Amino acid sequence: MKHDRIFLAIVAVPLGFGPADVRADATVAQQIVARRAVELLPPDIAAIFRDHAAELEERCLEPDVLWTRDPDKRDRARWHYIMLDIEAKAATKEARLEAASRLPHDDIAARRLYTRLKRPDAGRLPWIIEDSFKQLVDAFEDGEASKIIECAGHLMHFALDAALPFNATRDSDGLEAGNLSLGRLRPGERHYENQNARQRVFDELIRRNREHYEQHILLTADDTDGISNPRERSFTVLTEALGTLDEVLTADREILSALNVIDESSFGEMQEKYYDQLNERCGDLCVERLRAAALFGGKLVAGAWSVAGKPNAEKIRARGSNGKTVAAAPAKGGKPATNGAAPASSGVVGSRNSNVYHRPDCEWAQKIAPGNLVKYNSAKEAAADGRKPCGKCKPG
C-alpha cells in the first residue's frame, strides 16, 4: 500500500447511510478524524478544541447515536446523504457523474425534482451542512465554548458523511450494482458489520485497520483557509466521493467472487482472507476518504469562525472556565459523575450522549468527558436504564 503519498492539509471530522438503513455506531472513522482535527485548526481557535477534545469526539457521534431517540428529528436519516445520481440512466461511473452534474443545488428546486421522481427520500446532506455551518457561526458569535464544540462536532460528522461515496448515490448498499448482501441484519446479529458493501468497506475495514490508517494520514499546516460557501463545497466533496464508488464496488465484488463467497456461511469461512485482500485494494482509498473528510471538516470550522468575525479565543476559553460544569442526569437510575471525576473503580459507566455502557477501564470509557459521565453500580442497573454493553470491553 502506498499510504505515504497521502497528505492532510487541514482538519476535522466525521459515516452516513442510505434511506431506511439500520446501521451500527460508526464511531471509528469519526473519532480518527476528530483526533487529527484538533492538531491543525487555525492556531487562534485550536486551544478551544484541545480543551474539549473528548467532548468533541462525543458530539461527533450524536447524529448517529443520540438523535435516533429524538422525536423532533424523525427525518434524520435523509440528513446524512444525497442521491446525486438519482436520474442516472445506468449504474456506471460516467452515468452517475453526468446525472450529478444536473442535480439542482437549490433546495426548493431539488425538492421539486424529488417530488416529480416520486423519491422524497433522495437526501438533504448539502443543505444540512449549510444549516449546521450557520449554527456554528452563531455559536462562535455567542462565545460559549460548549455550544461551539457541540455545533462543530455535528458539522464534522456531516463532513465525513459527504466524503464517503455510498452517501452520494442511490445505490447506498451496493445492491443495484449486484454486490453481495447478507440480508438486512440488526445491530448485534452475527455479521451485521459485514452485511453489505458499504459496511464492509467503510465501517469494518476501517475498524480493523484504525491505527494503521490513522498513522498514514499525514498532516501539514499549509492550507488554513476556511470555507464561506458550505453548500457549494458540499456538492464538490460529494461529487468527488461519488467518483470513487465504482472502485469500491468492483473491489468488493471481485474479491468475494474469487473467494467463492455467496452467502453468510461462506463469508464466515473466508472473512479474514476477504479483509486482507480488501485492505490491499481499498486501504489507500479509505485513507484518502478520511483525509478528504478531515480537510472538509476543518475548513468548515475555520470558515465559520471567520464568518463570525474571528472572535477572541482566549475570551471564549475564559468564559467557559468561569462557569460551573454540571453533569447531565441520566434518563433513569444512573448517577451523574461530578465534574473532573475519574470513572469509578467498580460498576460500569456510560455517557449521556450514547446508549452504551463500559467497564471503567475501557478505552472508550476513558474518552468520556467528565461532565457527560454517568455511573452505575452494576451492568444490570445500566441495562435497566436502556443501555447495551460495549462490544470491545464486554462488561459483565
Side-chain angles (χ1 to χ4, degrees), residues 15-23 26 63-64 67-68 70-133 154 157-181 183-186 195-199 201-203 230-249 252-253 289 296:
L15 266 177
F17 48 89
D21 182 54
V22 180
R23 61 190 295 257
D64 278 346
W67 291 3
T68 61
D70 188 340
D72 293 331
K73 298 181 173 67
R74 295 185 188 278
D75 66 339
R76 57 176 286 280
R78 304 179 200 174
W79 297 4
H80 298 265
Y81 66 91
I82 183 171
M83 299 177 187
L84 295 181
D85 57 356
I86 190 171
E87 290 191 286
K89 304 302 182 184
T92 65
K93 179 177 179 178
E94 293 73 19
R96 291 189 183 102
L97 293 178
E98 192 279 330
S101 70
R102 293 185 284 105
L103 190 74
H105 291 195
D106 177 75
D107 189 11
I108 295 176
R111 288 175 184 266
R112 287 173 178 165
L113 174 64
Y114 296 170
T115 299
R116 178 169 62 83
L117 297 176
K118 299 181 180 180
R119 290 301 302 265
D121 61 343
R124 305 269 307 125
L125 182 55
W127 302 286
I128 294 300
I129 289 176
E130 185 175 43
D131 290 343
S132 299
F133 180 89
H154 297 167
H157 178 104
F158 293 124
L160 179 58
D161 283 343
L164 299 177
F166 286 102
N167 299 325
T169 175
R170 68 191 185 197
D171 192 8
S172 61
D173 51 16
L175 291 182
E176 182 178 331
N179 287 59
L180 177 68
S181 171
R184 191 166 287 279
L185 307 176
R186 299 183 62 82
Q195 66 181 293
N196 57 48
R198 175 185 57 76
Q199 287 190 224
V201 179
F202 291 113
D203 283 3
R231 186 205 312 171
E232 288 307 309
R233 186 62 67 91
S234 297
F235 275 101
T236 298
V237 173
L238 280 155
T239 301
E240 291 172 352
L242 183 62
T244 69
L245 178 65
D246 279 60
E247 180 180 349
V248 174
L249 291 171
D252 175 70
R253 198 164 50 245
R289 288 294 88 207
F296 184 32

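The structure presented is a predicted model; accordingly, all values stated were derived computationally and were not measured. Heavy-atom basis, side chains included; hydrogens, waters and symmetry copies ignored.
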Worksheet item: Is a side-chain N or O of D106 found less than 3.5 angstrom from the main chain of A109, in a donor-acceptor match?
Response: yes
Worksheet item: Do D64 and R76 have side chains that get closer than 4.5 Å, going by heavy atoms?
Response: yes
Practice prompt. Starting at CG of L249, measure out to OG1 of T244 and round the result to the nearest 0.5 Å.
Written response: 9.0 Å
Worksheet item: Does a side-chain heavy-atom distance below 4.5 Å link L245 with K93?
Response: no
Response to the item:
Shortest non-hydrogen pair, A168 vs L242, comes out as O-CD1, 3.7 Å
Worksheet item: Between F158 and H80, what is the ring plane arrangement, given parallel below 30°, perpendicular above 60°, and tilted in between?
Response: tilted
Fill in: Atom pair OG1/CG of T169 and L238 - distance to nearest 0.5 Å
11.0 Å
Worksheet item: Is it the case that more than 12 heavy atoms not belonging to R112 sit under 6.0 Å from its CZ atom?
Response: no
Practice prompt. Would you mind reporting whether F296 and S234 have side-chain heavy atoms less than 4.5 Å apart?
Written response: yes
Worksheet, complete the sentence: Of all heavy-atom pairs linking P104 and F235, the shortest is O-CZ, 3.9 Å
Item to complete: Could you tell me whether E87 and R116 make a salt bridge, using a distance below 4.0 angstrom between a side-chain N and a carboxylate O?
Response: yes
Worksheet item: Any side-chain heavy-atom pair from P63 and H154 closer than 4.5 angstrom?
Response: yes
Discussion item. Side chains of L113 and R119, heavy atoms from C-beta outward: is any pair under 4.5 Å?
Written reply: no
Fill in: D85 side chain to R170 backbone, donor-acceptor under 3.5 Å
yes
Fill in: Exam field: side chain T236 to backbone E232, donor-acceptor pair closer than 3.5 Å
yes
Worksheet entry | Side-chain touch P165/R289, heavy atoms, less than 4.5 angstrom | yes
Discussion item. Applying side chain to side chain contact (heavy atoms under 4.5 Å, CB included) to N196 and F166, what does each step give before you reach the verdict?
Written reply: CA-CA 11 Å; N196 57 48; F166 286 102; over 6 Å; no
Practice prompt. Please round to the nearest 0.5 Å and tell me the distance separating atom CZ of R96 and atom CG of D246.
Written response: 4.5 Å
Worksheet entry | D161 side chain reached by W79 side chain, heavy atoms, under 4.5 Å | no
Discussion item. Under 4.0 Å between a side-chain nitrogen and a carboxylate oxygen: does that hold for R231 and D131?
Written reply: no
Discussion item. Taking the side chain as everything from C-beta on, heavy atoms only, tell me whether R124 gets closer than 4.5 Å to R111.
Written reply: yes
